[in-house]
Asker: 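What follows is a single structure, and I will ask about it in a moment.
Naming: A, B, ... by sequence-line order, numbering from 1 per chain. As the structure is a prediction and not an experimental result, all values here were calculated from the model.
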Amino acid sequence: MFALLDGNNFFASCECVFRPRYKGLPLIILSNNDGCAIARSEAAKALGVKMGQPYFELLPLVHSHGLIALSANFSLYGDMSDRMMSIASAMGAESEIYSIDEIFCGLHGVRDVTRRAQAISERVLRGVGIPNCVGIGPTKTLAKLANHIAKSAERKPGSYPPHLGRVCNLAEISPEMFHYVLKQTPVGEIWGVGRKIAKRLAELNICTALDLSRMPLPMARKHFSVVLERTVLELQGIACMQLETQPPPKQQIACTRSFGHPVTTLPPLIQAVSEFATRAAEKLRKQEMRAGAINVFAHTSPFRSGARFYKSASVQLQPPSSDTKTLVNAAVRGISQIYEPGYQLSKAGVMLMDLCPGIEQQADLPFALPINARDASALMEAMDKINARFGKGAVHVASTGQAEKEKSEWRMKQERRTPQYTTSAGDIPIVRS
DNA sequence: TCTGGGGTCCTAGGACCC
DNA sequence: TCTGGGGTCCTAGGACCC
């Protein structure tokens with residue numbers, strides 16, 4: 001038996017903990033560059049704000065209905081998530097943090113499951129301030145469905161019986177009620193069924209969770225894939241997915257961003273990918289891994305007319321590395337290869353691939369360093385610590401050609417008394433204070 | 001003017017081999 | 001020059017998730 005606890009409107013709820021005056025008001029959280037809505041309060045949903053809707057389309061609501069928009073504060077949400085998870089994981093002996101706002105718990109050996117779930121849900125609300133719902137079922141897919149029912153029954157009167165709100169345990173309802181809730185649930189609400197598959201299923205006259213649970217397995221396999229076949233089995237109560245108590249090692253690490261304004265020249269592009277590579281390298285070292293290749297890409301906006309550009313380059317790293325300087329150099333080389341003038345670039349990013357375990361070894365360092373490899377590795381560790389404490393980019397490796405710009409920016413920032421340090425553009429990264 | 005970021009898994013198809 | 005089945009490996013792209 002599995003339970004899934006999920007924070008309601010998580011990012012919006014986090015903000016309301018610290019700004020209680022926003023409770024009950026239409027509130028949205030905006031993505032990077034305040035591009036679009038990535039979280040919505042109940043009141044914002046009621047105004048018709050869609051997930052991922054661009055902010056400029058929502059400006060009329062800001063004026064007419066007092067819609068409040070906040071820039072995302074991901075470090076806050078990460079902290080709130082940690083606190084929520086530490087309480088919620090007490091629901092069962094084993095747990096799997098599935099996303100920033102969701103946790104699966106294995107309920108093997110737990111007695112009085114529903115009561116316990118109610119108590120934990122209450123504890124999360126009181127202790128962290130995040131309203132939440134719990135779904136319980138014999139498979140992960142059914143626990144997900146139960147969670148959807150728990151949320152909808154509470155928020156949308158008439159969707160499901162009210163007594164299934166907040167905490168919904170599908171294992172203790174009658175077969176008739178189980179049949180009813182499956183029939184009430186559109187197939188697109190099922191975990192693993194997205195827009196495209198829902199549409200194709202509808203063409204086969206499979207429109208509800210009940211229809212899907214009755215789909216012949218060979219048909220699911222033939223017309224779709226093993227993934228959908230598993231979903232059908234899980235809806236029938238046959239568990240195909242186990243709890244992943246240990247997070248599997250990452251296969252890739254990405255850092256990508258949309259630009260606030262279109263980028264048309266190489267220098268800002270180089271600066272951007274240098275920063276992305278630096279962030280990605282930090283994540284890499286946190287995992288104690290090295291990358292065997294780095295992929296760099298840049299593209300124009302898919303939403304705007306004009307000349308299209310969509311290119312990427314892979315740079316092999318032999319030997320694999322987790323050194324910021326090596327990764328930045330490779331990223332710069334890659335972006336310089338693919339760059340072409342004449343395009344309004346809207347987004348770029350780097351992805352670290354072919355990850356392998358291990359921290360940088362002395363023999364792995366491909367460039368000559370007057371300081372020894374252990375020092376270089378210690379330097380990376382020190383950079384990570386400083387950046388963690390003083391904020392991203394407090395210390396970073398400069399790309400070749402950026403040194404003079406760095407210096408003048410640094411002086412300007414010093415004058416404004418903002419703490420800002422940078423490393424030199426030479427072969428030896430030196431922390432300048 | 002203005003449209004997120006970070007992942008995973010699966011499949012199809014091509015290249016190549018015997 | 002054309003004929004065949006079967007296998008592996010790799011990559012690109014599509015679909016999904018939050």
Asker: On the nucleotide B:dG5, are OP1 or OP2 found under 4.0 Å from the side-chain N or O atoms that A:Ser258 carries?
Answerer: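 Affirmative; the distance criterion is met.
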Asker: Starting at the 5' end of DNA chain B and moving along, which residue's nearest nucleotide shows up first, A:Lys250 or A:Arg304?
Answerer: A:Arg304
Asker: When you measure from the side chain of A:Asn132 to the backbone N and O of A:Ser121, does any donor-acceptor pair fall under 3.5 Å?
Answerer: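 Indeed, once roles are kept as given, a pair shorter than 3.5 Å links the two residues.
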Asker: Between the side chains of A:Thr208 and A:Gln184, does any donor sit under 3.5 Å from an acceptor?
Answerer: no
Asker: Among residues 32-45 of chain A, which ones have heavy-atom contacts with DNA chain B below 4.0 Å?
Answerer: A:Asn32, A:Gly35, A:Cys36, A:Ile38
Asker: Mind checking the CZ-CG spacing from A:Arg290 to A:Asp354? Nearest 0.5 Å is all I need.
Answerer: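 CG of A:Asp354 is found 12.0 Å from CZ of A:Arg290.
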Asker: Look at A:Glu234 together with A:Lys140 and state whether they make a salt bridge at an N to O cut-off of under 4.0 Å.
Answerer: no
Asker: Decide, yes or no, whether a salt bridge links A:Arg200 with A:Glu203 under the criterion of side-chain N to carboxylate O below 4.0 Å.
Answerer: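 Salt bridge absent between A:Arg200 and A:Glu203.
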Asker: Grab the CG-C1' distance between A:Leu345 and B:dT3 for me, whole Å please.
Answerer: 16 Å
Asker: Hydrogens and angles aside, do A:Ser321 and A:Asp323 bring a side-chain donor and acceptor to less than 3.5 Å of each other?
Answerer: no
Asker: How many Å lie between NZ on A:Lys347 and C1' on B:dG4, as a whole number?
Answerer: 7 Å
Asker: So does A:Arg155 have more than 12 non-hydrogen atoms from other groups sitting under 6.0 Å from CZ?
Answerer: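 Atom CZ in A:Arg155 is packed in, count exceeds 12.
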Asker: Does this structure show an ion pair linking A:Asp6 with A:Lys151, if we count only N-O contacts that are shorter than 4.0 Å?
Answerer: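 A salt bridge links A:Asp6 with A:Lys151.
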Asker: Rounded to whole Å, how long is the line connecting atom CG of A:Leu284 with atom P of B:dG7?
Answerer: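 Checked: the CG to P distance equals 11 Å.
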Asker: Would you mind classifying the nucleic acid contact of A:Pro247 as base, sugar-phosphate or nothing, using non-hydrogen atoms under 4.0 angstrom?
Answerer: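 The answer is nothing, as A:Pro247 stays clear of every strand by at least 4.0 Å.
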Asker: Work out how far the C1' atom of C:dC17 is from that of B:dG4, and round it to whole angstrom.
Answerer: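 Nearest-Å result for C:dC17 against B:dG4 at atom C1': 14 Å.
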Asker: Could you list by number each residue of residues 51-88 of chain A showing a heavy-atom separation from DNA chain B of less than 4.0 Å, or answer none if no residue does?
Answerer: A:Pro54, A:Phe56
Asker: Hey, are A:Arg166 and A:Glu122 close enough for a salt bridge, meaning a charged N less than 4.0 Å from a carboxylate O?
Answerer: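 Judged by the 4.0 Å cut-off on N to carboxylate O distance, A:Arg166 and A:Glu122 do form a salt bridge.
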Asker: Keeping A:Arg40 on the side-chain end and A:Asn9 on the backbone end, is there a donor-acceptor pair under 3.5 Å?
Answerer: no
Asker: Would A:Tyr160 and A:Thr185 count as having a side-chain donor-acceptor pair, cut-off 3.5 Å?
Answerer: yes
Asker: Strictly by modelled atom types, are A:Ser99 and A:Glu102 linked by a side-chain donor-acceptor pair under 3.5 Å?
Answerer: yes
Asker: Just to be sure I follow the notation: if a pair is Watson-Crick (purine N1 to pyrimidine N3 plus N6-O4 or O6-N4) or a G-U wobble (N1-O2 and O6-N3), each under 3.5 Å, what dot-bracket string does DNA chain B give, with | for pairs to another strand?
Answerer: ....||||||||||||||
Asker: With nearest nucleotide decided by heavy atoms, which residue, A:Thr256 or A:Gly260, maps closer to the 5′ end of DNA chain B?
Answerer: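 Looking at the nearest nucleotide for each, A:Gly260 comes out on the 5' side.
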Asker: For A:Gln252 and B:dG5, give me the distance from atom CD to atom C1', rounded to whole Å.
Answerer: 12 Å
Asker: Determine, for nucleotides 9-18 of chain C in 5'-to-3' order, which nucleotides have protein heavy atoms under 4.0 Å from the base (write B), from only the sugar-phosphate (write S), or from neither (write -).
Answerer: ------SSSS
Asker: Under 4.0 Å, heavy atom to any atom of DNA chain B: which of residues 225-244 of chain A qualify?
Answerer: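 Of all residues in residues 225-244 of chain A, the ones placing a heavy atom under 4.0 Å from DNA chain B are A:Ser225, A:Val226, A:Val227, A:Arg230.
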Asker: Roughly, in whole Å, what's the span from CG in A:Leu355 to P in B:dG6?
Answerer: 15 Å
Asker: Please determine, for the side chain of A:Arg257, which listed nucleotide (B:dG6, B:dG4, B:dG7) has the closest atom?
Answerer: B:dG6
Asker: Scan A:Ile28, A:Ile29, A:Ile68 and name whichever one has a side-chain contact (heavy atoms from CB on, under 4.5 Å) with A:Glu15.
Answerer: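 Exactly one option meets the side-chain contact (heavy atoms from CB on, under 4.5 Å) with A:Glu15, and it is A:Ile29.
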Asker: When you check the gap from the basic side-chain N to the acidic O, do A:Glu275 and A:Arg257 get nearer than 4.0 Å?
Answerer: no
Asker: Tell me the interatomic distance from A:His299, atom NE2, to B:dG4, atom P, rounded to whole angstroms.
Answerer: 9 Å
Asker: So, A:Asn329 versus A:Thr326: side-chain donor-acceptor pair below 3.5 Å or not?
Answerer: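 No.
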Asker: Using only side-chain N and O atoms of A:Ser346, determine if any of them is under 4.0 Å from OP1 or OP2 of B:dT3.
Answerer: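 Checking B:dT3 against A:Ser346, no side-chain N or O comes under 4.0 Å of OP1 or OP2.
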Asker: Less than 3.5 Å apart, any donor N or O on the side chain of A:Asn73 or A:Ser75 sitting next to an acceptor on the other?
Answerer: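 A:Asn73 vs A:Ser75: donor-acceptor pair found between side chains.
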Asker: Which part of the nucleic acid, if any, lies within reach of A:Lys199 when heavy atoms closer than 4.0 Å are counted: base, sugar-phosphate only, or nothing?
Answerer: nothing
Asker: Please, which pairs that meet ring-ring contact (aromatic ring centres under 6.0 Å, His included) have at least one residue in residues 252-297 of chain A, sequence neighbours excluded?
Answerer: A:Phe297-A:His299
